[in-house]
Each structure stands twice: as C-alpha cells, then as structure tokens.
Visitor: 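Here it is, the structure, as structure tokens.
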Amino acid sequence: MLTDRDINKLFAVFATKSDFRELKLEVIDLRETVNGIVTALDSQSKILEDMRMELASSIQQLNRHDRWIRTLADVTQTVLLIEA
C-alpha cells in the first residue's frame with residue numbers, strides 16, 4: 001500500500017499536468033521561432049538566387065561585349081592594349 005510519503009516522492013519524480021502544459025507552451029514558442037527563422041532563410045535564399053541569375057546574365061553580356069570589341073578591333077585594325 002502506498003503512503004502519502006510515497007505519493008509525494010512520486011510527484012517529485014514524475015511530471016505533472018502543469019509540467020506538460022509548460023513544456024507544450026515552450027514547444028509552441030520554439031516552433032514559432034523556428035518558423036520565423038525558416039521564413040527569413042527562405043527570403044535570403046531567394047535574394048541570393050536572384051543575384052546569382054543576374055550575375056550570370058551580366059557575365060554573358062560582358063563576354064558578348066568583349067567579342068564585339070575584339071571584332072571591331074580586328075575590322076578596324078586597331079591594337080588592343082589590354083588583353084584578357
């Protein structure tokens with residue numbers, strides 16, 4: 001048979017309903033924080049992807065301009081002082 005003393009020892013060891021309520025609230029707060037972080041990272045990822053695409057486009061345009069300049073230099077028999 002359990003005595004009051006035994007029951008008090010069990011309460012000291014096992015989690016109570018209020019302990020689980022507190023844990024639930026902490027998990028909810030943690031979930032909200034993680035969701036906020038994920039949203040921020042998604043936003044930053046989109047920005048980086050857009051920048052990567054713009055950089056690739058700029059590199060292609062720069063290469064195209066370089067070819068045009070070299071072609072014009074050949075046609076006009078102009079010496080390019082800067083070689084890439």
Side-chain angles (χ1 to χ4, degrees):
M1 179 90 175
L2 290 174
T3 64
D4 287 342
R5 186 173 180 200
D6 294 333
I7 292 172
N8 287 337
K9 285 182 183 178
L10 291 173
F11 275 124
V13 174
F14 293 109
T16 63
K17 282 185 180 182
S18 68
D19 292 335
F20 281 111
R21 279 189 212 109
E22 290 177 27
L23 181 61
K24 183 179 179 180
L25 292 175
E26 289 178 15
V27 169
I28 289 170
D29 288 344
L30 180 60
R31 184 179 293 148
E32 290 173 358
T33 301
V34 169
N35 284 340
I37 292 171
V38 168
T39 301
L41 288 175
D42 284 345
S43 173
Q44 294 299 314
S45 177
K46 169 126 177 51
I47 290 170
L48 287 174
E49 180 63 20
D50 291 347
M51 289 175 68
R52 188 189 69 76
M53 293 295 285
E54 187 172 336
L55 179 61
S57 174
S58 295
I59 289 171
Q60 284 183 339
Q61 184 177 12
L62 183 61
N63 288 337
R64 187 170 40 248
H65 289 173
D66 185 58
R67 285 193 309 269
W68 291 347
I69 290 169
R70 290 180 189 284
T71 301
L72 285 171
D74 287 344
V75 168
T76 59
Q77 297 178 349
T78 304
V79 176
L80 293 175
L81 298 177
I82 300 174
E83 291 293 326

Visitor: Might you work through the side chain to side chain contact (heavy atoms under 4.5 Å, CB included) test for Leu25 and Arg21, ending with a clear yes or no?
Guide: CA-CA 6 Å; Leu25 292 175; Arg21 279 189 212 109; 5.6 Å; no
Visitor: Hey, any chance Leu30 and Val38 share a hydrophobic cluster, counting ILVMFWY side chains that come within less than 4.5 Å of each other, even indirectly?
Guide: yes
Visitor: Which value, rounded to the nearest 0.5 Å, describes the distance between Asp4 atom CG and Phe11 atom CZ?
Guide: 10.5 Å
Visitor: If you measure from the Lys or Arg side-chain nitrogens to the Asp or Glu carboxylate oxygens, is any gap between Lys46 and Glu49 under 4.0 Å?
Guide: no
Visitor: Using 0.5 Å steps for rounding, measure from the CD1 atom of Ile69 to the OG1 atom of Thr78.
Guide: 11.5 Å
Visitor: Answer whether the closest heavy-atom distance between the side chains of Leu23 and Asp19 falls below 4.5 Å.
Guide: no
Visitor: List the steps and the verdict of salt bridge (charged side-chain N to carboxylate O under 4.0 Å, His left out) for Asp66 and Arg70.
Guide: CA-CA 6 Å; Asp66 185 58; Arg70 290 180 189 284; 3.1 Å; yes
Visitor: Just verifying a value: how many Å separate Ser18 OG and Lys24 NZ, rounded to the nearest 0.5 Å?
Guide: 14.0 Å
Visitor: Ignoring hydrogens and angles, tell me if any N or O in the side chain of Ser58 forms a donor-acceptor pair with the backbone of Glu54 under 3.5 Å.
Guide: yes
Visitor: Taking Asp74 for its side chain and Thr71 for its backbone only, find out whether a donor-acceptor pair lies under 3.5 Å.
Guide: no
Visitor: To the nearest 0.5 angstrom, please state how far the CG atom of Leu55 sits from the CG atom of Leu62.
Guide: 10.5 Å
Visitor: Is the backbone N or O of Leu72 less than 3.5 Å from a side-chain atom of Thr76, with the two atoms forming a donor-acceptor pair by type?
Guide: yes
Visitor: Using side-chain heavy atoms (C-beta onward) and a distance below 4.5 Å, is Glu32 in contact with Ile28?
Guide: yes
Visitor: How many angstroms lie between CD in Glu22 and OG1 in Thr16, if you round to the nearest 0.5 Å?
Guide: 7.5 Å
Visitor: Heavy-atom count check: over 12 atoms from other residues, nucleotides or ligands less than 6.0 Å from Asp42 CG?
Guide: yes
Visitor: Below 4.5 Å, heavy atoms only, C-beta onward: do Arg52 and Leu48 meet side chain to side chain?
Guide: no
Visitor: Can you get from Leu2 to Phe14 by hopping between Ile, Leu, Val, Met, Phe, Trp and Tyr side chains that sit under 4.5 Å apart?
Guide: yes
